[in-house]
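The next block holds one structure in the form of structure tokens; read it before the comments.
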Amino acid sequence: MIETLIVPGLNGSPPGHWQHHWALEDAGADLVEQENFAEPRLTDWLHALEAGIAACRPGVILVAHSLGCALVAALARRPAASHVGGALLVAPADVPALSERHPSVRSFEGAGAVPLPFASILVASRNDPFMGFEAAERQAEAWGSALVDLGPAGHVNIASGYGFWPDAPTLADGLRGRPVTPAQTPRRRWARDIRSEAAPAAGASAH
């Protein structure tokens, strides 16, 4: 039975991406496939995510990257959220800024303002071109997420050296078996004690 559901962002997670590695190597993980990763529509992406959750073990852990984090946040007021045990939210994208280059993502705006009804960890980079660190801190506060400071890790993608990333499952395992966390629970900061030895960002085109 699937215990981890991997949620890619804009343009998906191609071979070599840490999400792709995880889906291939973990029999208990599955990756949410979208009909169109290049032209996202929130309603379509939500339906695919909810179908994936329905096929998983109750208490599934969601592992999202970039725009996938906004997709997970959009579950907050939907019935499927009650089946989620927690979410690992890696390098969330600033949706309003991203929509200036990719107008199709505008439907995702607003998801960042709603507290999450399940436990969550937001992993942020100090030099992410898609969301500044201070904005990531504010986002963690809004979602009620614990915050992991990954240091200068770019967008935590292939371009910034994040292919195989063994720390990701370690972080996700910290969410398993936990009760649903009320949205009002104060977030706590995690020190930079969980990092990969990834190279600094080399580009910002790949998600």
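Since the structure is predicted, the reported quantities are computational estimates derived from the model, not experimental observations. All residue numbers in this chain count up from 1 along the given sequence.
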So which atom in [X] and which in [Y] form the shortest heavy-atom distance, rounded to 0.1 Å?
X: D149; Y: R126; result: OD2-NH2, 2.8 Å
X: A76; Y: A81; result: O-CB, 4.2 Å
X: V60; Y: I2; result: CG2-O, 4.5 Å
X: P40; Y: V105; result: CG-CG1, 3.7 Å
X: A168; Y: L88; result: O-CD2, 3.5 Å
X: V72; Y: F118; result: CG1-CZ, 3.9 Å

Where the side chain of [X] meets the backbone of [Y], is there a donor-acceptor pair that is under 3.5 Å apart?
X: S125; Y: G154; result: yes
X: W18; Y: V156; result: yes
X: H47; Y: T43; result: yes
X: H65; Y: H155; result: yes
X: S160; Y: A153; result: yes

Note, [X] side chain near [Y] side chain (heavy atom, < 4.5 Å):
X: V7; Y: V63; result: no
X: L147; Y: E137; result: yes
X: C56; Y: D30; result: no
X: I53; Y: L62; result: yes
X: P92; Y: W143; result: yes

Nearest-0.5 Å distance, [atom1] of residue [X] to [atom2] of residue [Y]:
X: Q19; Y: N157; atom1: CD; atom2: CG; answer: 10.5 Å
X: L42; Y: F108; atom1: CG; atom2: CZ; answer: 5.0 Å
X: L49; Y: D44; atom1: CG; atom2: CG; answer: 12.5 Å
X: L150; Y: D167; atom1: CG; atom2: CG; answer: 8.0 Å
X: H102; Y: N11; atom1: NE2; atom2: CG; answer: 6.5 Å
X: E50; Y: H83; atom1: CD; atom2: NE2; answer: 10.0 Å

(Q) Take a 6.0 Å sphere around CD of E25 and say whether it holds more than 12 heavy atoms from other residues, nucleotides or ligands. (A) yes
Q | Within 6.0 Å of CD in E109, more than 12 heavy atoms from elsewhere | A | yes
Q. Do you see a donor-acceptor pair shorter than 3.5 Å between the side chains of R176 and T4?
A. yes
Q.
Same cluster or not: M131 versus I158, using hydrophobic residues (I, L, V, M, F, W, Y) connected whenever any side-chain heavy atoms lie under 4.5 Å apart?
A. no
Q | Joint hydrophobic cluster, V114 plus W45, side-chain heavy atoms closer than 4.5 Å | A |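 No, it is not one cluster - the side chains of V114 and W45 are not joined through contacts under 4.5 Å.
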Q. Can L98 and F130 be said to form a side-chain contact (heavy atoms from CB on, under 4.5 Å), step by step?
A. CA-CA 7 Å; L98 186 61; F130 292 98; 3.9 Å; yes
**Q.** Residue from V123, L89, I121 passing side chain to side chain contact (heavy atoms under 4.5 Å, CB included) with S145
**A.** L89
Q) Taking it one step at a time, do W165 and V90 satisfy side-chain contact (heavy atoms from CB on, under 4.5 Å)? A) CA-CA 12 Å; W165 183 27; V90 180; 3.9 Å; yes
Q: Go through the steps for I6 and D26 under the test side-chain contact (heavy atoms from CB on, under 4.5 Å), then give the verdict.
A: CA-CA 11 Å; I6 297 171; D26 184 352; over 6 Å; no
Q.
Between L122 and V148, is the side-chain contact (heavy atoms from CB on, under 4.5 Å) condition met? List the steps.
A. CA-CA 6 Å; L122 190 155; V148 171; over 6 Å; no
